[in-house]
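In what follows, chains are A, B, ... by sequence order, proteins preceding strands, each numbered from 1.
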Amino acid sequence: MYSASDLRKGLKIQIDGEPYIITDFQFSKPGKGQALYRTKMRNMISGNQFSNTYRSNDKFEKPDLEERTMQFLYAQDGEYHFMDTTSYEQIFLSEEQLGDNLNYLVDNMEVQVLFFGERPIDVSLPTFVNLEVTVADPWVKGDTSGTDTKPVTVETGFQLQVPPFVEQGDKIQIDTRTGTYMTRVKE
Amino acid sequence: MSTPHSLRQRSMLLQAIRSFFFNRDYIEVDTPIRLPVLLPEAHIQPFTSDGWFLQTSPELCMKMLLAGGCEQIFQLCHCFRKEESGCYHQTEFTMLEWYHRGWDYTDLMSECEDLFNILASRVSGLNGLNAKGDIVYKGRTISLGKPWSRLSLRDAFVHFADITADEAIAKDRFEEILVEEIEPHLGWERPVFLYDYPVQLASLAKVKDDSPDLAERFELYIGGLELANGFSELVDAAVQRERFVQEMGAIRQLDRDVRMPEQFLQALERLGDTAGIALGVDRVMMLLLGKEKLTEILPIDVRIMQ
């Protein structure tokens with residue numbers, strides 16, 4: 001159990017059987033009065049925002065959250081199948097649950113899947129992934145607009161802006177937090 | 001961590017505070033901060049220290065000195081309150097507390113006005129003040145010109161909240177409404193004294209002669225920040241004992257050890273009319289030094305050593 005004095009930004013607590021992460025937190029205490037713990041949080045399953053004010057004697061259960069390393073196997077009919085790299089157990093997640101992560105997900109990629117009890121609720125990708133450029137306009141040497149960028153498509157179908165010297169078949173590193181190009185990767 | 005510049009400003013302010021009180025005939029006292037017994041206050045949690053306690057305020061010791069014959073005393077000291085940590089709270093903080101025999105809470109309000117005006121005019125180069133000597137906080141200008149606003153707590157509830165102070169207390173929503181609906185509006189044009197608290201929220205304050213459900217307690221607000229808490233002291237030992245019994249009951253329900261501060265109650269018998277006030281020095285420094293977080297004005301933020 002957590003008590004109100006444990007509350008802080010980033011802490012995960014359970015309310016009415018669902019896991020919440022605290023996104024904003026403020027301690028306040030009018031002179032000589034009861035302490036108030038003003039808390040904003042996000043439901044880790046639905047994503048809904050929620051705020052509440054707690055008192056010193058409020059208690060919170062710890063949500064049963066576990067992160068497991070899993071490997072992406074294949075996609076079929078909108079279901080994305082993953083395998084636990086330790087137990088070989090297989091699960092699948094929906095397109096909706098994966099959201100923007102689909103922009104970077106390729107076969108055999110290792111990801112962290114967050115479980116609430118037995119239920120997979122979130123996926124975190126590595127911060128940097130290397131993906132192959134599948135569609136790119138050729139680089140015109142002598143192009144003077146050296147600072148410009150151009151759009152390319154990578155193997156997942158994701159489009160992004162890259163420097164003009166990146167060519168089809170190159171591998172590039174992308175920051176999955178922002179979806180931006182980092183560097184060209186030599187293999 | 002503070003820069004040499006802000007440390008110098010802090011030092012000049014501390015010196016100006018001392019000069020202010022010396023010029024008005026106060027004695028500076030420095031009482032023990034580690035004590036075998038504290039005043040029972042349910043909403044303030046002390047740190048224990050080898051079986052004793054670190055003071056949560058110097059009130060107990062200072063009132064004992066007053067009972068011993070001192071007329072006017074002040075103290076700058078560190079106080080400790082467990083689990084109070086936030087943007088405007090530190091578990092260890094600097095308190096300025098002063099008492100004046102023969103006074104009531106309205107005299108202290110006037111003295112607060114004088115203190116701030118002297119600090120703002122005597123200490124040069126304070127980053128939190130503009131050329132006219134107004135406080136500039138969160139982009140707004142707050143005049144320190146006298147007299148400051150005075151607003152009774154009951155009127156504040158009528159003005160800013162949709163229930164009365166008494167209803168809020170009955171529904172256990174008093175603190176929540178005060179913090180969320182009232183405090184943010186207080187003290188943006190000039191400082192505000194919020195005064196006359198329901199007696200159950202003023203354990204150590206004197207009951208008003210003409211309305212027995214109110215106590216002569218006030219809080220000072222500038223820019224939505226609570227800076228000081230003062231009152232006409234309750235000096236009736238029998239009434240004080242009854243209030244402590246209630247507080248002790250609430251404290252025991254929280255599984256904390258507590259005992260009656262008998263020497264304090266004996267001292268109270270000899271106190272006579274007295275007014276006293278505690279002011280959060282770090283918050284005042286924050287305003288006058290033009291900062292928005294307490295951690296920016298602390299000489300050392302101990303958390304970096306963890």
Return a table of donor-acceptor pairs under 3.5 angstrom between the side chains of residues 111-126 of chain A and protein atoms on other chains or two or more places apart.
residue, atom, partner, partner atom, Å
A/Q112, NE2, A/T69, OG1, 3.1

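- With a 4.5 angstrom heavy-atom cutoff, B/L204 touches chain A only via side-chain atoms.
- Scanning residues 70-93 of chain A against chain B with a 4.5 Å non-hydrogen threshold yields no residues.
- For A/T183, there are no side-chain hydrogen bond (donor to acceptor under 3.5 Å, both in side chains) partners two or more places apart in sequence or in a different chain.
- Other residues, nucleotides and ligands place no more than 12 heavy atoms under 6.0 Å from the NZ atom of A/K12.
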Report the donor-acceptor contacts between chain A and chain B below 3.5 Å as a table, one pair per row.
residue, atom, partner, partner atom, Å
A/S5, OG, B/E83, OE2, 3.4
A/K29, NZ, B/H43, O, 2.8
A/K29, NZ, B/E84, OE2, 3.3
A/G31, N, B/E226, OE1, 2.9
A/G31, N, B/E226, OE2, 3.4
A/G31, O, B/R217, NH2, 2.9
A/K32, NZ, B/E41, OE1, 2.9
A/Q34, N, B/E175, OE2, 2.9
A/Q34, NE2, B/D172, OD1, 3.0
A/T53, OG1, B/E180, OE2, 2.8
A/R55, NH1, B/D172, OD2, 3.3
A/R55, NH2, B/D172, O, 2.7

